[in-house]
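Heads up, the thing below is written out as structure tokens.
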Amino acid sequence: MQGVLFDLDGVITDTAKFHFKAWSRLAKEKLGVTLPASFESDLKGISRIDSMNRILKFAKMENKYSADEVDAMAQYKNELYLKEIGKLTQTDIFPGIENLLDELAVNKVKLSVASASKNAPFILEKLGLREQFDAIADPAKVAHGKPAPDIFLEAAAKIDVDPTKCVGIEDAKAGVEAIKSAGAVAVGVGDSNDLKEADSVVASTEELTYSVLEQAFRK
Ligand code: BG6
Ligand code: MG
């Protein structure tokens, strides 16, 4: 294992609740609909614009707005979301992650972020983790969102490690699929029924250690 490719939302910190809060407010204010709770997990790993389109579809308004109007709504959601994540601090890092990053650094494993979020650099800054990563892949630069492999391929390229020498860590089904399509080894965090395609699954980030990743890689 020469590189580890980290998803951010749901692996390093819990932002799903903030995404859901912002999407719910947008849906209520601009579309007059209430999002069901299932949207919190359904939108995990899904890009901002794809999430917006899923919400429009749910509201049965997919043909009602121009592309510019849809963009403006997605931007409004992001403004609401930024207010929430502006409050993040080091205490919001998931258990076990800081220790894992230290262990990987000691073992000279390169670390790259493969998040669908354009806010990833800001979130890492708020958590005080920006310096721990060798690279952050820019989702604006890739053609296809997860489950396509693009962001993981870009994350591996940015640390100059072949994807087959990398382990990817994901909490979302679409993300696990993306890791596998990129040719890397997938470690899932969460429910093993949801993340069946992963090579290995742990129930929580506390279980993520260098040796767990290395074992998944050698499996
Ligand atoms: C993913 C989240 O990491 O990033 C999704 O799981 C989110 O819920 C996506 O929509 C895009 O994030 P952002 O911050 O660019 O709107
Ligand atoms: Mg995630």
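What you see below is based on every heavy atom in this structure, not just the backbone, and it leaves out hydrogens, waters and symmetry mates. Order of appearance sets the numbers: ligands from 1, and atoms from 1 within every ligand. Position 1 is the first residue of the sequence; numbering continues from there.
- In this structure, CG on Asp199 lies 11.5 Å from CG on Leu213, to the nearest 0.5 angstrom.
- A distance-only check finds no donor-acceptor pair linking the side chain of Glu154 to the backbone of Ala137 [under 3.5 Å].
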Step-by-step side chain to side chain donor-acceptor pair (under 3.5 Å) determination, Thr91 to Thr89: CA-CA 5 Å; Thr91 59; Thr89 68; 2.7 Å; yes
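- Among Ser117, Ala172, Ala174, the residue whose heavy atom lies closest to atom 12 (O) of ligand 1 is Ser117.
- With respect to the salt-bridge test (charged N to carboxylate O, under 4.0 angstrom), the residues Glu177 and Lys146 do not qualify.
- Of the heavy atoms in His19, only side-chain atoms (C-beta onward) come closer than 4.0 Å to ligand 1.
- The protein heavy-atom contact nearest to atom 6 (O) of ligand 1 is Gly45 N, 2.7 Å.
- The proximity of Ser51 to ligand 1, defined as any non-hydrogen pair under 4.0 Å, is limited to the side chain.
- For the pair Asp7 and ligand 1, the shortest N or O to N or O distance does not fall below 3.5 Å.
- Distance CG/Leu43 to CZ/Arg48: 13.0 Å, rounded to 0.5 Å.
- Considering backbone and side-chain N/O atoms, Lys118 comes within less than 3.5 Å of an N/O atom of ligand 1.
- A salt bridge is defined here as a Lys NZ or Arg NE, NH1 or NH2 lying under 4.0 Å from an Asp or Glu carboxylate O, and Asp160 with Lys110 fails to meet this definition.
- Distance alone, capped at 3.5 Å, places no donor-acceptor pair between the Ser115 side chain and the Leu8 backbone.
- Salt-bridge formation is not detected for the pair Lys83/Glu79: no Lys NZ or Arg NE/NH1/NH2 atom is positioned less than 4.0 Å from an Asp or Glu carboxylate oxygen.
- Leu208 and Ile179 sit in two unconnected hydrophobic clusters of ILVMFWY residues. Membership requires side-chain heavy atoms under 4.5 Å apart, directly or through other members.
- Taking CG of Asn107 as the start and OG of Ser211 as the end, the distance is 10.0 Å to the nearest 0.5 Å.
- Residue Arg48 places at least one N or O, backbone or side chain, under 3.5 Å from an N or O of ligand 1.
- Here the side chain of Lys44 pairs no donor or acceptor atom with the backbone of Ser41 at under 3.5 angstrom.
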Stepwise salt bridge (Lys or Arg N to Asp or Glu O under 4.0 Å) test for Asp92 and Lys126: CA-CA 9 Å; Asp92 295 298; Lys126 297 301 295 179; over 6 Å; no
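- The contact set between ligand 1 and Asn119, taken as ligand atoms under 4.0 Å from a residue heavy atom, comprises 13 (P), 14 (O).
- Ligand 1 places these atoms under 4.0 Å from at least one heavy atom of Lys44: 6 (O).
- Near-neighbour remark for the Mg ion (ligand 2): protein N, O or S atoms under 2.8 Å are Asp7 OD2, Asp9 O, Asp171 OD1; waters not counted.
- Partner Tyr81 forms a side-chain hydrogen bond (donor to acceptor under 3.5 Å, both in side chains) with one of Lys21, His19, Arg25 and no other, that one being His19.
- Near Ser115, with a cut-off below 4.0 Å to any heavy atom, the atoms of ligand 1 are 3 (O).
- In Thr15, neither the side chain nor the backbone holds a heavy atom less than 4.0 Å from any atom of ligand 1.
- Of the protein's non-hydrogen atoms, the one nearest atom 1 (C) of ligand 1 is Asp9 OD2, 3.3 Å.
- Nearest to atom 10 (O) of ligand 1 among the protein's heavy atoms is Ile46 O, 2.6 Å.
- Closest protein heavy atom to atom 8 (O) of ligand 1: Leu43 O, 2.9 Å.
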